[in-house]
There are 2 protein chains.
Amino acid sequence: MSVNRRTPSSRTRSGSHGPSSRASAPVRRSQAERRQQTRQALLDAALDQLDEGASFDRLSLRRVTRAAGVAPAAFYRYFASMDELGLALVEESVRTLRAMLREAREGGASPERVIERSVAILLAYVRDHRRHFAFLALARSSGNAVLRHTLRNEIRLFASELATDLARFPVLREWTTDDLLMLAGLYVDTMIAAIDSMLDAAASGVPSEGPTPEAEAEIASVTERRLRLIALAIPHWRSGVHASSAA
Amino acid sequence: MSVNRRTPSSRTRSGSHGPSSRASAPVRRSQAERRQQTRQALLDAALDQLDEGASFDRLSLRRVTRAAGVAPAAFYRYFASMDELGLALVEESVRTLRAMLREAREGGASPERVIERSVAILLAYVRDHRRHFAFLALARSSGNAVLRHTLRNEIRLFASELATDLARFPVLREWTTDDLLMLAGLYVDTMIAAIDSMLDAAASGVPSEGPTPEAEAEIASVTERRLRLIALAIPHWRSGVHASSAA
DNA sequence: TGTACATCAGTGAACGCGCGTTCACTGATGTAC
DNA sequence: TGTACATCAGTGAACGCGCGTTCACTGATGTAC
């Protein structure tokens with residue numbers, strides 16, 4: 001919090017040169033660079049407050065600008081409203097999410113270890129980008145309808161991509177599209193439950209600290225076993241037998 | 001909304017006697033009765049606003065009293081703060097939840113139909129007590145720490161009760177407690193996902209209307225297939241092999 | 001049943017506060033010559 | 001390189017608003033005799 005009270009310009013200086021590494025000449029920054037920095041300071045201030053337990057609906061423009069070290073009116077140089085800042089946070093957080101998926105898809109897909117590896121990547125990302133995941137978890141059920149729908153669509157999109165990936169596995173080749181979506185949804189919801197557990201464990205201890213290694217290991221264990229249990233069922237499913245009446 | 005603008009006393013009259021059914025004598029109500037009615041009007045006003053898309057953090061004491069047809073100061077005759085009203089709503093909503101569980105546990109547990117029946121009961125309860133479930137879904141991730149923890153504990157308690165129930169099935173007799181909890185958690189989270197889908201589908205159409213019968217049938221189908229898939233895995237699980245390193 | 005008094009649910013005015021938004025402004029950065 | 005002007009990120013004061021909370025009050029309900 002006191003970190004964020006520094007003005008953007010002081011952030012700039014302290015971040016760019018130590019008193020000994022360069023001469024005393026003031027560091028010149030282009031307007032574009034400073035602009036980008038202030039924008040990021042606003043986004044970071046919002047993420048910090050969300051991570052400290054506030055809900056998105058409790059964020060106020062004044063508190064965000066105060067934490068970013070900027071006058072309230074400056075906010076409008078960057079966003080027309082808090083809703084717009086929220087959408088920028090969705091964009092930023094979804095970028096993190098996509099980076100995680102890319103990493104999870106790459107690498108040798110040794111079939112036995114794919115679950116262990118996926119869970120490890122997921123938990124590592126939540127640990128290292130806790131604020132983004134906390135935001136996504138909150139936005140999913142915020143009072144802001146636009147945010148909520150954007151997020152839900154993103155999750156649905158993700159599930160259908162996973163369904164496409166799953167269709168490539170030999171055991172799943174005969175499954176109907178509808179059943180593949182059902183399975184993908186189950187996997188995604190299990191992952192989301194793991195994320196919620198991580199954030200919940202983090203919130204109980206020192207604020208903004210992650211869960212203890214023991215708590216994280218327990219979450220990993222439960223999540224892996226859930227995914228393994230589901231995987232065990234796959235060869236025994238007869239696609240179509242239980243199919244939806246709709247669709 | 002205009003319904004709630006009626007004062008508690010006018011609610012009383014219009015609810016208790018029609019112009020023809022009784023004589024014109026004003027209906028006498030004891031203080032205790034009126035007290036109970038106003039309290040309920042406050043709780044209902046809050047539930048209505050939550051169901052219309054507000055988050056718990058956006059509720060204000062003044063808006064709740066306005067909707068309940070009462071002066072702001074009257075609020076304090078019933079609750080010390082909005083947080084206390086929130087806890088009263090937890091109590092009320094959890095009562096609905098427990099009633100549902102009781103109904104689900106009773107009745108012939110014909111093993112083949114237990115999934116179909118459970119899902120039908122779940123969706124019927126969400127349909128008929130939508131406001132309570134909407135509140136529970138929101139409180140789970142509200143900015144209010146007490147509410148959040150109360151709810152999470154309630155869900156954990158429910159999962160461990162379900163684990164106890166599951167232990168009675170012959171196929172599960174050999175499972176470790178830890179694995180039973182993992183399975184129960186997976187079932188509970190799948191149920192919660194179904195509740196979220198119901199509320200989400202409701203919120204998209206006319207506000208405060210439930211999902212269309214088609215949408216509800218689709219949710220039922222997906223949920224049933226998820227639960228069936230999980231059940232298929234149970235006989236193939238070797239408890240202990242994948243056990244947690246913690247415990 | 002009738003009277004005198006007590007209780008207490010609900011009122012309405014007042015308060016100070018933090019909020020979102022506006023506005024004319026300042027002064028550093030950028031540019032044209 | 002030096003000068004004159006334009007741009008524009010950020011300021012700080014002001015506004016009206018809805019908020020939570022307080023207070024002395026009113027008048028219907030309840031009770032003792």
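In what follows, chains carry the letters A, B, and so on, assigned in the order in which the sequence lines appear, proteins first and then strands, with residues in each chain numbered from 1.
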Subject >> Selection from C:dG20, C:dG30, D:dT11 that lies nearest to any side-chain heavy atom of A:A73 >> reply: D:dT11
Subject >> Sugar-phosphate, base or nothing in reach of A:R35, heavy atoms under 4.0 Å >> reply: sugar-phosphate
Subject >> Atom pair CG/CG of B:D189 and A:D189 - distance to nearest 0.5 Å >> reply: 8.5 Å
Original post:
Does B:A71 or A:A80 map to a spot on DNA chain C nearer the 5' end, using the closest nucleotide for each?
Top reply: B:A71
**OP:** Respond yes when some side-chain nitrogen or oxygen of A:Y76 is under 4.0 Å from OP1 or OP2 of C:dT22, and no when none is.
**Re:** no
Subject >> Ion pair A:E92/A:R131, N-O distance below 4.0 Å >> reply: no
**OP:** Choose from C:dG30, D:dG20, D:dT11 the nucleotide whose nearest atom is closest to any side-chain atom of A:Q31.
**Re:** C:dG30
Original post:
Expressed in angstrom and rounded to an integer, what is the separation of B:R58 atom CZ from D:dC19 atom P?
Top reply: 13 Å
**OP:** Look at the side chain of A:A74 and decide which nucleotide, out of C:dT11, D:dG10, D:dG20, has an atom nearest to it.
**Re:** D:dG10
Original post:
A:F75 has an atom CZ; how far is it from atom P of C:dG20, in whole Å?
Top reply: 9 Å
Original post:
Per the side chain to side chain contact (heavy atoms under 4.5 Å, CB included) rule, which among A:T96, A:I192, A:D51, A:D128 passes with A:F133?
Top reply: A:T96
Subject >> Validation row: B:I155, B:R140 side chains within 4.5 angstrom (heavy atoms) >> reply: yes
Original post:
Is the base of C:dA9 touched by the side chain of B:R34 through a donor-acceptor pair closer than 3.5 angstrom?
Top reply: no
**OP:** Examine C:dG10: is either OP1 or OP2 under 4.0 Å from a nitrogen or oxygen in the side chain of B:T38? Give yes or no.
**Re:** yes
Subject >> Counterpart base for C:dC33, defined by Watson-Crick or G-U wobble contacts under 3.5 Å >> reply: D:dG2
Original post:
Considering only side-chain heavy atoms of B:L61, which listed nucleotide, D:dG20, D:dG30, C:dG12, is closest?
Top reply: D:dG20
Original post:
Is a side-chain donor or acceptor of A:S221 paired with a backbone partner of A:A217 at a separation under 3.5 angstrom?
Top reply: no
Subject >> A:S60 side-chain N/O to C:dC19 phosphate OP1/OP2 under 4.0 Å >> reply: yes
**OP:** Take the protein atom CD of A:E33 and the nucleotide atom P of D:dA9, then report the distance between them rounded to whole Å.
**Re:** 14 Å
Original post:
In the strands shown, is C:dG27 matched to any nucleotide by a Watson-Crick or G-U wobble pair with both distances under 3.5 Å, and which?
Top reply: D:dC8
Original post:
Considering only side-chain heavy atoms of B:R62, which listed nucleotide, C:dT21, C:dA14, C:dG10, is closest?
Top reply: C:dA14
Original post:
According to the Watson-Crick and G-U wobble definitions, with both distances under 3.5 Å, which nucleotide is paired to D:dC19?
Top reply: C:dG16
Original post:
How long is the line joining CZ of B:R77 and C1' of D:dA28, in whole Å?
Top reply: 13 Å
